[in-house]
Peer 1: 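Next up is a structure, given as structure tokens.
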Protein chains: 2
Amino acid sequence: MKQYFPELRDQFRSLAEAAAGVRVCVIGHARPDGDCVGSQIAAQKLLAHFGLESFMANADCVPNSLLYLEGSELISIFDRQMMNDTALLYVDCADEGRVGPKTSIALQGFRRIGNVDHHISNTGFAEFNVVDQGASATCEILAGIAFDLQVTITPDLAQALYTGIMTDTGRFGFAATSSRVFDLCANLVDCGASPQAAAENLYENVSLARLKLLERFLGTLEYACDGKVCIGELKQRDFLETGTSYLDTEGFVDYARSVSDVAVGVLLEERKTTTKGSLRAERKEIRVDQVAAQFGGGGHACAAAMSSAMSLEELRNGLIESLRPRVS
Amino acid sequence: MKQYFPELRDQFRSLAEAAAGVRVCVIGHARPDGDCVGSQIAAQKLLAHFGLESFMANADCVPNSLLYLEGSELISIFDRQMMNDTALLYVDCADEGRVGPKTSIALQGFRRIGNVDHHISNTGFAEFNVVDQGASATCEILAGIAFDLQVTITPDLAQALYTGIMTDTGRFGFAATSSRVFDLCANLVDCGASPQAAAENLYENVSLARLKLLERFLGTLEYACDGKVCIGELKQRDFLETGTSYLDTEGFVDYARSVSDVAVGVLLEERKTTTKGSLRAERKEIRVDQVAAQFGGGGHACAAAMSSAMSLEELRNGLIESLRPRVS
């Protein structure tokens, strides 16, 4: 029998053995995405395979597009009251701070029994670190471990794992989309995952209001840094007049990045007292996480963000100056 | 050794044996797409595996986004002069008319030695019909046959096959995206296909002008038929003022279809003397091909188009009346 992650499989088994008799909180990052939610559902099933009791929580609610996943309705908004005699299993979190600032403080002192993740910046902050930095998604790791352990993969579990892989590979387009990714997806479809249901729920269930907001964003797109940077913006009134919220801007910055010869796409959002900036780079060498850090933010080498007290114009000018030497 | 399409493999072998000593023209459909071009490149390699000489031609040129495929530069615009003592291998064509009207007439009387295709409406018009209506793409069939025949799959061939599968599954989102699709893609990646290169060339190489055209299209989106139809339009001046052409509207109609609860998305384009209409349905039962046929067009159950002498307003009203009973 082919084994996908033999070392991580053993690491996860040790984690489960160490957690015998302990109630586990499976926690993901703030503003959970497909890989986070899919990983939480899958990690809970894997813990149950070892007879462990667990519950799932996040700082923010599950986005509407992911509520089609069976089990997502069991994910609570994090509340300190839940946490009596509980150990923590982090999923899809590069470090303990990714659960969100308030939640991170509330969780200080609790036992960090495990950490399942694929981020290159993972700090190995838990007792058992089930980390593969080459995996495309935390769900890729959990799918591999589930097959390796011969856990029964129901259609619901297969759908959760598939959804995490599909979203975190950018619909099978990012560099980490390996043959292992496709091999696991073939097996997940055999277990009952529906690629069509995933695509429809994630990408084809858009509000007309969101498309009107996209219209406004596209109308503002402009080049900077000799065409190497493409910037679009949304003002407070754009959200008000289209009846949309900040949640509706998901993915907009990718339109800016997808323009020919553009190395970095930027989305600026005017909020009540701050300006949100999102950066997406074509190549990880550009290190937009370092750019974001200059403005109090952070993130990944190719995807980073910040929330700044600067005005939209100030943040725009600051980002352009910071990006210029990196893209030229 | 696992076999993907044992019957079609034998059928293709018989085709190749029947073509011994014959020069073959590998021809695809008008306005070639990823599956068409990928299939032409792959079919030529399979013919070469059997020692056959072939060349590739289409009525229309290969789109820019597909020119990154090695071998695409060898695909000619069809010319009757090429056709001395030549037999025809059709790929990705449901019937002989799909090569385009003029080309179809020019090809009358030539030997139709083969037809490799996955369309449900394939008429089996050739001597050897290598057809699987359950396959997601013609490239899925050709990839399976290539593995079944143990043809050497170079990275270039793997990339062509992968690109055809990726595009014709709608980035792995359409109903025909089976475990076989993912299994074949895993093998193609092992042979050197790059999912990232495919995604970048097909979906992330957009002109800013196209995004400005998209902005205009999104701005016109409106509901009809109690929210079951979503219609957007582009006027002559939209193309002129953004410096774009009709080629830049590829995929726009999918934005209209992707709106929640919308069953049919419509794109109307005002051209010099005609109006182009494009229809995309969420479910094949709606049969937008039948709607298009009422206006002199045609297509697939879920994707159809027409070119009409009606004004934009007349065609809009006509389509709404025709769609109303089908979506309610």
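Residue numbers begin at 1 in each chain, while the letters A, B, ... track the order of the sequences. Computed from heavy atoms alone, side chains included, the values below leave out hydrogens, waters and symmetry copies.
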Peer 1: What verdict does the side chain to side chain contact (heavy atoms under 4.5 Å, CB included) test give for A/K212 and B/L221, after you've listed the backbone C-alpha separation in whole Å, the side-chain angles of each residue and the deciding distance to 0.1 Å?
Peer 2: CA-CA 8 Å; A/K212 297 293 186 185; B/L221 284 178; 4.1 Å; yes
Peer 1: Can you confirm whether A/I120 is buried at CD1, in the sense that more than 12 heavy atoms of other residues, nucleotides or ligands lie under 6.0 Å from that atom?
Peer 2: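 Atom CD1 in A/I120 is not packed in, count stays at 12 or less.
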Peer 1: With chain A as the partner chain, list the residues of residues 140-155 of chain B whose heavy atoms fall under 4.5 Å from it, by residue number, and write 'none' if nothing qualifies.
Peer 2: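 At a heavy-atom separation under 4.5 Å, chain A is reached by no residue of residues 140-155 of chain B.
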Peer 1: For residues B/S260 and A/S207, report the shortest heavy-atom separation together with the two atoms involved.
Peer 2: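 Between these two residues, the closest heavy atoms are OG-N, 4.2 Å.
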Peer 1: Taking the ring of A/Y162 and the ring of B/F172, is the distance between their centroids below 6.0 Å?
Peer 2: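 So the answer is no for these two rings.
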Peer 1: Looking at B/S179, B/A175, B/C185, which has the largest count of heavy-atom pairs under 4.5 Å with chain A?
Peer 2: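 The answer is B/S179.
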Peer 1: With rounding to the nearest 0.5 angstrom, report the CG to CG distance, B/L214 to A/L211.
Peer 2: 8.5 Å
Peer 1: Give, as side chain, backbone, both or neither, the part of B/T177 having an atom under 4.5 angstrom from any heavy atom of chain A.
Peer 2: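 Both parts, backbone and side chain.
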Peer 1: Only heavy atoms, only distances under 4.5 angstrom. Which residues in residues 248-259 of chain B are near chain A?
Peer 2: B/Y255, B/R257, B/S258, B/V259
Peer 1: Answer with side chain, backbone, both or neither: which region of A/T169 has an atom nearer than 4.5 Å to a non-hydrogen atom of chain B?
Peer 2: neither
Peer 1: Relative to chain B, which segment of A/A186 carries a heavy atom at a distance below 4.5 Å: side chain, backbone, both, or neither?
Peer 2: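 Answer is both: backbone and side chain atoms of A/A186 are under 4.5 Å from chain B.
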Peer 1: Please classify the contact of A/Y203 with chain B as side chain, backbone, both or neither, using a heavy-atom distance under 4.5 Å.
Peer 2: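 A/Y203 touches chain B through backbone heavy atoms alone.
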Peer 1: Measuring from atom CG of B/L208 to atom CG of A/D261, what distance do you get when rounded to the nearest 0.5 angstrom?
Peer 2: 11.5 Å
Peer 1: For B/T220, is it the side chain, the backbone, both, or neither that has a heavy atom closer than 4.5 Å to a heavy atom of chain A?
Peer 2: backbone
Peer 1: Taking all non-hydrogen atoms of both residues, which atom of B/A199 and which atom of A/G173 are closest, and how far apart?
Peer 2: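 What the structure gives for the nearest pair is CB-CA, 3.6 Å.
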Peer 1: Should we count CD1 of A/I320 as having more than 12 external heavy atoms under 6.0 Å?
Peer 2: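 Count over threshold, so yes.
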